Amino acid sequence: MSTFKTLDDLEPGQRVLVRLDLNSPVEDGEVQDNRRFDRHATTVRELMEAGHRVVLMAHQGRPGDDDFVSLQQHAEILSEHVGRDVGFVDSTYGESAVEAIESLSDGEALLLENTRMTDDELPEESPEEKADTEFVGTLAPLFDAYVNDAYSAAHRSHASLVGFPLELPAYAGRVMETEYEANTAIASREFDGQVTMVVGGTKATDVIDVMNNLGGKVDRFLLGGIAGELFLRAAGHDVGYDVGGMDLFDDQWEANHGTIESLLEERGDQITLASDLAYEDENDERAEVAVDDIDEKDRGYLDIGSETVSEYDSVVRDSEAVFVKGALGLFEDERFSDGTVGVLEAIAETDCFSVVGGGDTSRAIEMYGLSEDDFGHVSIAGGAYIRALTGEPLVGVEVLSRD
Ligand SMILES: Nc1ncnc2c1ncn2[C@@H]1O[C@H](COP(=O)(O)OP(=O)(O)O)[C@@H](O)[C@H]1O
Ligand SMILES: O=C(OP(=O)(O)O)[C@H](O)COP(=O)(O)O
């Protein structure tokens, strides 16, 4: 168990530097509201109400990607969730950032520009090297305390996550505390009945890590999403190819097909793949096909089919514990939401222990009118949640716990 300090240990009237994870889906340049804002608002509101001067850091995307944008919209969305104004300055640690930080009054909050717009943030280096950067050296002297609330980014050894805790008294925010406790408890929990893991989403490496590291703990893996299609391709079906301008499959196939093939060989009896898939037909409607009847690589598949949904539904209902990582289809489009929503509904209606993780998957819960109360824990983390489940330590949490 970690021994980090929390907001309960923070002296009053501090200048506090806070790391949040507001990394969000961006559609046509518009940042999409999601539960990361709502969760972090709790920490921000508590600090503002306690009269601290609150300066927030966060990242969005990675340089070169379409979702690598300014945090100006994030400040507006966060303000709505906090119910108070959160200011924004378009600099991370330049002159205008320092000026804005110095003119902040008690109880006010300010969001700095995307940390990944500085050269010091991204390269993965040791906490000591990160503490020695200009970014940390410029900002740390302006504060009394550092709070890390970004559990979902705590697997990254980046300056804003691991550099500051070496220079300032460091505390865990409310989101960090809750996520850490829930995910660590899960990693050490034992179950008598069937443990099922539903894995989908876009990242094949996450799915492979889960299978490699949780193979002894999980009885059944139910696959879907892009990752599931790559497994179907490895099993000899004509799916999981880049068609119609997609670039989700072929690179991941090149990088991972050897591992996927050996996983199917070694753990085949634990792994359930879709028996049918859904696609968009020429009338823009949902159509389905059995995977055994697919003999051309020219179509994109956007969800698991109804026979698979019904099989996954009954496996979930027979389980004592169900973990979800990743969506089973393009659920943002209602026509292709059956897999993701079907499994979530089965979990919600069953008296099992459940955890739902994956940045986007948890969005489906509110989009389709399900209640968070029907799940054991809904994590806003993806990669960090997987690492926690597999028992791997998170560098951002470790560094918070140092004396
Ligand atoms: N067959 C598919 N085709 C296109 N997109 C898909 C498909 N299956 C899943 N997705 C998309 O994957 C996205 C990422 O899912 P998520 O649960 O966040 O997993 P990850 O953690 O791998 O990003 C979702 O927004 C969903 O729309
Ligand atoms: O959204 C995040 O991770 P996730 O997609 O695994 O939930 C974190 O903000 C980390 O972002 P990164 O994977 O670009 O380092």
Side-chain angles (χ1 to χ4, degrees), residues 19-27 32 34-36 40 57-65 67-68 74 114-116 121-124 149-158 160-161 175 179 198-210 223-232 239-244 246-249 252 274 277-280 286 299-305 308 324-341 343-344 356-365 367 378-388 394-396:
R19 179 57 157 95
L20 309 177
D21 185 0
L22 300 177
N23 195 35
S24 302
V26 178
E27 286 167 22
Q32 305 296 301
N34 64 89
R35 84 171 15 75
R36 283 186 175 165
H40 284 302
M57 296 185 290
H59 73 274
Q60 174 62 55
R62 284 178 179 253
D65 291 349
D67 65 348
F68 182 59
H74 300 69
N114 191 342
T115 54
R116 292 184 178 174
E121 171 75 337
L122 269 182
E124 289 266 344
D149 212 25
Y151 176 85
S152 47
H155 51 309
R156 307 291 186 212
S157 197
H158 297 161
S160 62
L161 294 152
V175 175
E179 289 271 6
V198 180
V199 270
T202 53
K203 297 169 196 162
T205 47
D206 278 359
V207 174
I208 290 168
D209 282 354
V210 166
L223 266 73
I226 303 293
E229 285 185 46
L230 289 171
F231 274 73
L232 281 168
V239 304
Y241 293 85
D242 284 334
V243 290
M246 269 190 183
D247 61 354
L248 284 163
F249 294 102
Q252 294 210 69
L277 293 170
Y279 60 95
E280 185 179 53
R286 179 186 171 109
R299 196 190 277 142
Y301 297 94
L302 301 171
D303 194 10
I304 55 173
T308 310
V324 181
K325 164 64 175 80
L328 295 181
L330 184 70
F331 68 83
E332 293 87 345
D333 181 331
E334 208 175 336
R335 294 169 302 166
F336 302 107
S337 63
D338 292 9
T340 307
V341 177
V343 160
L344 290 175
V356 179
D360 288 312
T361 318
S362 58
R363 277 205 300 159
I365 292 177
M367 253 179 103
V378 178
S379 177
I380 53 171
Y385 157 68
I386 288 308
R387 281 170 178 78
L394 305 175
V395 63

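Order of appearance sets the numbers: ligands from 1, and atoms from 1 within every ligand. All of these numbers come straight from a predicted model, not from anything done at the bench.
Among the atoms of T361, some N or O lies under 3.5 angstrom from an N or O of ligand 1.
Under a 4.0 Å heavy-atom criterion, R116 is in contact with ligand 2. Using a 4.0 Å cutoff on heavy atoms, H158 does not count as a contact of ligand 2. For the ligand labelled ligand 2, residue E124 lies outside the 4.0 Å heavy-atom shell.
Among E332, R363, E229, K325, the residue whose heavy atom sits closest to atom 20 (P) of ligand 1 is K325. Of the candidates S337, G329, G225, the one placing a heavy atom closest to atom 26 (C) of ligand 1 is G329. Taking only non-hydrogen atoms, the option from V199, L330, I304, V324 nearest to atom 6 (C) of ligand 1 is L330.
Looking at atom 1 (N) of ligand 1, its nearest protein heavy atom turns out to be Y301 O, 3.0 Å. Closest protein heavy atom to atom 3 (N) of ligand 1: I226 CD1, 3.6 Å. Protein heavy atom in closest approach to atom 9 (O) of ligand 2: D21 OD2, 2.8 Å. Closest protein heavy atom to atom 14 (C) of ligand 1: D360 OD2, 3.5 Å. Protein heavy atom at the shortest distance from atom 6 (O) of ligand 2 is G383 N, 2.7 Å. Closest to atom 11 (O) of ligand 2 among all protein heavy atoms lies H59 NE2, 3.5 Å. Atom 23 (O) of ligand 1 has its closest protein heavy atom at T202 OG1, 3.4 Å. Among protein heavy atoms, atom 19 (O) of ligand 1 sits closest to G201 CA, 3.4 Å. The protein heavy-atom contact nearest to atom 5 (O) of ligand 2 is K203 NZ, 3.0 Å.
Under the 4.5 Å side-chain criterion, counting only non-hydrogen atoms from C-beta, Q252 is in contact with L230. In this structure, H40 and D21 have side chains that are in contact, with non-hydrogen atoms separated by less than 4.5 Å. When side chains are defined from C-beta on, E124 counts as touching S157, because their heavy atoms get closer than 4.5 Å.
Applying the 6.0 Å contact sphere to CD of E334 captures no more than 12 heavy atoms from other residues, nucleotides or ligands.
The L302 neighbourhood of ligand 1 comprises atoms 1 (N), 3 (N), with distances under 4.0 Å to a heavy atom of that residue. For ligand 2, the atoms lying closer than 4.0 Å to a non-hydrogen atom of G382 are 6 (O), 7 (O).
Note: L223 CG to L232 CG = 8.0 Å, rounded to the nearest 0.5 Å.
Side-chain atoms of E121 and H59 form no donor-acceptor pair, as typed in the model, at a separation below 3.5 Å.
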